[in-house]
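Notes to accompany the following structure.
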There are 2 protein chains.
Amino acid sequence: MLNASPLNSLEPPLGNFDLERPIAIPHQKQEQILRGAMQVFLEIGYAETSMDRVAAVAGVSKQTIYSHFGDKEGLFKALMERVTINRFRPFFCNDEKLNGEPAIVLRQVAETFLTLKSDPEYLSLLRIIISESKRFPEFAKLYTQTVIERGRELLCRYFDAHPELNFTDSEAIAQIFLGSLVSYVLAQEILYGKESIPLESERIVNSLVSLIVSDRSNQN
Amino acid sequence: MLNASPLNSLEPPLGNFDLERPIAIPHQKQEQILRGAMQVFLEIGYAETSMDRVAAVAGVSKQTIYSHFGDKEGLFKALMERVTINRFRPFFCNDEKLNGEPAIVLRQVAETFLTLKSDPEYLSLLRIIISESKRFPEFAKLYTQTVIERGRELLCRYFDAHPELNFTDSEAIAQIFLGSLVSYVLAQEILYGKESIPLESERIVNSLVSLIVSDRSNQN
DNA sequence: GTCTATACCCTGATAGAC
DNA sequence: GTCTATCAGGGTATAGAC
């Protein structure tokens with residue numbers, strides 16, 4: 001089994017991704033294969049995806065895929081590592097925005113996050129990460145690290161810089177803040193909530209912000 | 001294709017389940033098949049599950065399954081309908097608990113919900129509903145209806161009966177309350193957050209309750 | 001390096017005995 | 001109703017020509 005692709009050769013042990021490491025630039029054929037693979041895997045999931053279909057969509061022969069990525073699992077891993085990190089890393093890296101009044105900053109964070117609601121690629125990616133979380137736990141962990149852990153850290157830092165918010169456990173509050181947004185997207189989009197129990201983003205943002213910045217000065 | 005099983009014969013159009021309709025009691029063989037099917041489907045997902053394996057686990061021949069449920073899709077649908085409704089319906093049906101002081105009632109609701117965190121069957125069910133939400137949207141909708149819609153309704157009714165909470169949009173608050181719990185379970189258990197960024201249930205419950213019951217009397 | 005052709009396995013589904 | 005035996009098709013992966 002060949003394993004000399006730039007994507008795999010320097011790969012750290014599973015579940016121990018280095019988020020700061022720059023993504024290796026693959027050769028042109030590999031890029032072409034990965035683009036096709038992304039389309040198919042994200043559309044129909046791991047088990048349903050056949051290598052024939054990936055080859056057809058990517059416009060290469062099956063053997064070419066096998067020589068570059070070893071087997072189906074190798075292809076999927078290479079794809080998911082690239083796509084997870086590339087999609088989510090930029091999202092929580094712009095620290096500079098977190099300055100200003102809580103009501104305004106938090107509203108902006110929430111609204112930025114909720115743009116994902118109408119991003120089909122993000123929705124497919126989230127679904128496949130959950131779907132394959134048992135077979136490929138490393139990508140579930142990678143997601144929690146890149147999105148949840150980073151987001152929580154950034155929010156925590158902001159909360160701690162604003163003692164007037166009066167939080168006794170800023171980590172938990174950050175988790176609640178992000179979690180309510182994640183599950184709102186999940187329920188409305190992936191679980192078709194918008195078809196049976198629609199609820200506008202704006203209402204979530206308004207109520208969430210008002211809960212967070214509410215005056216707690218006269219409480220224990 | 002036979003379709004005379006009690007589970008299917010009276011089935012309403014897909015995506016239009018009647019939550020009040022009592023579940024038909026299947027014959028003994030059907031029960032036996034469904035138990036085996038549940039084990040396999042919840043463990044490894046729809047696409048990976050083979051009818052051979054279900055037959056082996058259930059202790060019947062493949063043909064017996066086919067004569068009862070028609071095909072793989074029919075088996076899965078019968079299973080999911082039963083298991084989704086049976087697992088979730090009782091959860092939000094005990095209205096009587098929702099009486100008393102907000103801080104106490106809401107804490108109890110949250111704690112009850114979070115018992116699901118250590119319920120492997122619930123976790124598998126949630127994962128497969130999300131995994132198959134594209135192929136079988138009807139069960140995603142069934143889930144949103146039985147869990148999210150019902151839960152939101154109950155909470156809304158409680159909130160509206162307690163104007164001192166000073167909510168301008170109790171529906172949105174209810175969504176945030178339940179959503180933060182759902183996503184906490186998702187992140188910690190299904191996405192292995194507890195291995196990399198553990199956070200105790202108690203902290204979530206404390207902060208969530210304190211956010212909700214916080215004094216908003218001197219705000220717009 | 002990339003292609004065509006193919007080996008070999010396992011799948012969902014069926015036929016027919018009892 | 002339930003079983004054993006079997007079919008046709010499509011899956012991953014490989015061999016060998018160029």
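In the text below, chain A, chain B and the rest are named by the order of the sequence lines, each starting its count at 1. Worth saying up front: this structure is predicted, and the values here are computed from it rather than measured.
- The interatomic distance linking B:Ile33 (CD1) with D:dG1 (C1') rounds to 11 Å, in whole Å.
- Aromatic pair A:Tyr122/A:Phe88: ring centres closer than 6.0 Å.
- B:Asp52 has its CG atom 14 Å from the P atom of C:dT14, to the nearest Å.
- Atom OG of A:Ser124 sits about 11.5 Å away from atom CD1 of A:Ile44, to the nearest 0.5 Å.
- Phosphate contact (OP1/OP2 of C:dC10, side-chain N/O of B:Ser50, threshold under 4.0 Å): absent.
- The side chain of A:Ser67 sits closest to C:dT2 out of C:dT2, C:dG16, C:dA13.
- Both tests do not hold together for B:Lys77 against B:Phe139: distance to the six-membered ring centre under 6.0 Å, angle to the ring axis within 45°.
- Computed from coordinates, the A:Gln63 CD to D:dA15 C1' distance equals 8 Å when rounded to whole Å.
- Rounded to whole Å, atom P of D:dT12 lies 11 Å from atom CD of B:Glu48.
- Checking D:dA13, D:dG11, D:dT6 against every side-chain atom of B:Lys62, the shortest atom distance belongs to D:dT6.
- Each of D:dC3, C:dG12, D:dA13 was ranked by its minimum atom distance to the side chain of A:Tyr66; first place goes to D:dA13.
- Computed from coordinates, the A:Lys72 NZ to C:dC10 C1' distance equals 13 Å when rounded to whole Å.
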_With side chain to side chain contact (heavy atoms under 4.5 Å, CB included) as the criterion, how do A:Leu34 and A:Leu75 come out once you've worked through the C-alpha distance, each side chain's angles and the decisive distance to 0.1 Å?_
CA-CA 8 Å; A:Leu34 287 173; A:Leu75 174 62; 4.1 Å; yes
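- Remark: C1' of D:dT12 and CZ of A:Phe76 are 17 Å apart, rounded to the nearest angstrom.
- For the atom pair CD1 (A:Ile197) and CZ (B:Arg150), the distance works out to 12.5 Å, reported to the nearest 0.5 Å.
- Comparing C:dT2, D:dT12, D:dT2 against the side chain of A:Thr64 picks out C:dT2 as the nearest.
- With C:dT11, C:dT2, D:dA13 as the candidates, the nucleotide lying closest to the side chain of A:His68 is C:dT2.
- Nearest-nucleotide assignment on DNA chain D puts the 5′-proximal partner with B:Lys29, out of A:Met51 and B:Lys29.
- The separation between B:Phe69 atom CZ and C:dA13 atom C1' is 16 Å, rounded to whole Å.
- Between the CD atom of B:Glu73 and the C1' atom of C:dT11 there is a distance of 16 Å, given to the nearest Å.
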